[in-house]
Structure formats: C-alpha cells, structure tokens
Amino acid sequence: MVTNNNAVRVGQKAPNFSATAVYDQEFKKITLSDYLGKYVILLFYPLDFTFVCPTEITAFSDKYKQIQDLNAEVLGVSVDSEYSHLAWLQMERDIGGLGNLNYPLVSDLTKDISSSYNVLTEEGTALRGLFIIDKYGIIQCSLVNNLDVGRSVDETLRILKAIQYVQSHPDEVCPANWQPGQATIISSPQKSKEYFKSI
C-alpha cells in the first residue's frame, strides 16, 4: 500500500528533486529541472539486486539510442544508496547485475522522491512507477505496476511518440494502439467521423 495520499496526476507539474546518481561509474548530482527542454522517462523500481528490476533497467538501456532520438532521457530511481547502485552496476548481467548503463541511477535513500511521486510503499520500497514528463516539466503519462510485473519499453516508446505527436498537432488525438504514420482523429464532432468511417 502507498503511504502518501497526495498523488501527483497527469497534467500537473512534475515534482522537482535533486539527488546523487551513479552514471558511467561515477557519482553525480542530478536535478530534474535541469532536463527542461527534453522529455524524461522517470523509472522507479523497488530495490537493487532483485529479479524483475534488472530486466527492466537493462531493457531501457538497450533502447537508449531510440529514446535519445526522441529528445528524451531516462532516470532510474530506487531507495538504495549510490554505493549500492555502483556495486550493482559493476556486476555483469549474466549473474543478475546491470553492467554499464546508458543512463543514471538515482539514489532516493531519504525516500522523498518516491513519496512525492506517490509510489512509496508502507514497507519503504518503490512500486514500479513510470512517469513520462514532457519538455515543459508536465507529467503526461503515469503508469504504476505492482512489484511482480515488469513494464514494456516498446509501449513506453509508443506512448512517448503519441504524446509528442499530439503536442505538435493540437487538433488531433491518437486512437488505441496508434503508431507513427497511422491515422489520427480530428478532435471535432464532425471531422472525427472521417476516422470512424475508415475503420
């Protein structure tokens, strides 16, 4: 169960934070507001050295070039220390480690970040929260899985592309399962009929 009742919502400004992260085997200070102008995939996960977590973290790293091509960055966040992150990054993937990652892992040892995004459990770890924050710092997508179920990088990319499309085409909306190049819906009672006649 989540402990914070003040849930952040889609359409609201993403809570800012500054924290220590591990990137390229070094410690560095990360501040979310420094990423304004880019889209951010904020990826909460429960704990280092667990089972589902490395599959998600490495999957996002493996697709990092595609993410960067969309003017987006990834930040992984858990309640572990930066020292725990570093030790996990120094383990090879074939024994449950991460190896080298293409994005930072943020330490939320105080649990303030997880709490502010309403993903902190009563046990003190984070649920699998995924937030897509746009280049203006506004949350455009919020997805929270329970601990045992991993997330899809491909679906995250699809949603990111849809968000970017509708932001650049304000009179259009994206239907279910939309992919770039497919038909959209004109958001008016009359013009929307053109889409529905085509399906």
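Worth saying up front: this structure is predicted, and the values here are computed from it rather than measured. One-based numbering along the sequence shown.
Shown here are the side-chain hydrogen bond (donor to acceptor under 3.5 Å, both in side chains) partners of Asp112, two or more places apart in sequence or in another chain: Thr110. Residues meeting the side chain to side chain contact (heavy atoms under 4.5 Å, CB included) test with Glu172, sequence neighbours left out: Tyr165, His169, Thr184, Ile186. Partners of Tyr64 by ring-ring contact (aromatic ring centres under 6.0 Å, His included), not counting sequence neighbours: none found. Contacts of Gln167 classified as side chain to side chain contact (heavy atoms under 4.5 Å, CB included), with partners at least two apart in sequence or in another chain: Tyr39, Asp134, Gln140, Ile163. With sequence neighbours excluded, the residues that form a salt bridge (charged side-chain N to carboxylate O under 4.0 Å, His left out) with Glu56 are Arg128, Arg151. Gln190 pairs by the side chain to side chain contact (heavy atoms under 4.5 Å, CB included) definition with Lys193, not counting sequence neighbours. Every residue two or more places apart in sequence or in another chain that forms a side chain to side chain contact (heavy atoms under 4.5 Å, CB included) with Leu109 is listed here: Ser81, Ser107. Annotation: ring-ring contact (aromatic ring centres under 6.0 Å, His included) contacts of Phe27 (sequence neighbours excluded): Tyr83. With sequence neighbours left out, Asp69 forms a side-chain hydrogen bond (donor to acceptor under 3.5 Å, both in side chains) with Lys65.
A heavy-atom distance below 4.5 Å is found between the side chains of Tyr117 and Ile139. Counting only heavy atoms from C-beta outward, the side chains of Phe60 and Leu130 approach each other to under 4.5 Å. Thr156 has its side chain out of reach of Leu143: every pair of non-hydrogen atoms, C-beta onward, lies at least 4.5 Å apart. The closest side-chain heavy-atom distance from Leu147 to Leu127 is below 4.5 Å. For the pair Gln179/Asn177, no side-chain contact is recorded, criterion being any heavy-atom separation below 4.5 Å from C-beta on.
Remark: the backbone N or O of Arg9 is paired with a side-chain donor or acceptor of Gln12 at under 3.5 angstrom. Looking at Ser168, its side chain does come within 3.5 Å of a backbone N or O of Gln164 through a donor-acceptor pair. Lys63 places no side-chain N or O within 3.5 Å of a backbone atom of Asp154 that could act as its donor or acceptor partner. Judged by distance alone, with hydrogens and angles left aside, the side-chain atoms of Asp108 form a donor-acceptor pair with the main-chain N or O of Ile113 at under 3.5 Å.
Ser84 approaches Asp48 most closely through the heavy-atom pair OG-OD2, 2.9 Å. Of all the heavy atoms in Asn145 and Gly150, the pair that sits closest is ND2-O, 3.5 Å. Between Ala183 and Trp178, the shortest heavy-atom contact is O-CD1, 3.3 Å. The shortest heavy-atom contact between Val166 and Cys174 is CG1-SG, 3.6 Å.
Taking CD1 of Ile67 as the start and NZ of Lys38 as the end, the distance is 12.0 Å to the nearest 0.5 Å. In this structure, Phe131 CZ and Leu43 CG are separated by 10.5 Å, a value rounded to the nearest 0.5 Å. Here the CD1 atom belonging to Ile133 is positioned 15.0 Å from the NZ atom belonging to Lys135, to the nearest 0.5 angstrom.
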Hey, can you pull the donor-acceptor pairs under 3.5 Å for the side chains in residues 90-105, sequence neighbours left out?
| residue | atom | partner | partner atom | Å |
| --- | --- | --- | --- | --- |
| Gln90 | NE2 | Gln25 | OE1 | 3.3 |
| Arg93 | NE | Leu98 | O | 3.4 |
| Arg93 | NH1 | Asp62 | OD1 | 3.3 |
| Arg93 | NH1 | Asp62 | OD2 | 3.2 |
| Arg93 | NH2 | Asp62 | OD1 | 3.0 |
| Asn100 | OD1 | Gln25 | NE2 | 3.4 |
| Asn102 | ND2 | Ser61 | O | 3.0 |
| Asn102 | ND2 | Ser61 | OG | 3.2 |
| Tyr103 | OH | Ile57 | O | 2.7 |

Let me have the donor-acceptor pairs involving side chains of residues 13-23, under 3.5 Å, with sequence neighbours excluded, atom names and distances please.
| residue | atom | partner | partner atom | Å |
| --- | --- | --- | --- | --- |
| Asn16 | OD1 | Ser33 | N | 2.9 |
| Asn16 | ND2 | Ser33 | OG | 3.4 |
| Ser18 | OG | Thr31 | OG1 | 2.7 |

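Through direct or indirect side-chain contacts shorter than 4.5 Å among Ile, Leu, Val, Met, Phe, Trp and Tyr, Ile199 is connected to Val173, Ile185, Tyr195, Phe196.
Ring planes of His85 and Tyr45: tilted class, angle from 30 to 60°.
Around atom NZ of Lys191, no more than 12 heavy atoms belonging to other residues, nucleotides or ligands sit under 6.0 Å away.
With 3.5 Å as the limit, one finds a donor-acceptor pair spanning the side chains of Ser78 and Asp80.
No continuous path of ILVMFWY side-chain contacts below 4.5 Å connects Val106 to Leu89, so the two sit in separate hydrophobic clusters. Grouping the Ile, Leu, Val, Met, Phe, Trp and Tyr side chains by contacts below 4.5 angstrom, directly or via other members, places Val77 with Val144. When the side chains of ILVMFWY residues are joined at heavy-atom separations under 4.5 Å, either directly or via intervening members, Trp88 and Ile30 end up in two distinct hydrophobic clusters. Tyr35 and Ile41 end up in different hydrophobic clusters when Ile, Leu, Val, Met, Phe, Trp and Tyr side chains are linked at under 4.5 Å. Residues Phe44 and Leu32 fall within the same hydrophobic cluster, defined by Ile, Leu, Val, Met, Phe, Trp and Tyr side chains chained together at heavy-atom separations under 4.5 Å.
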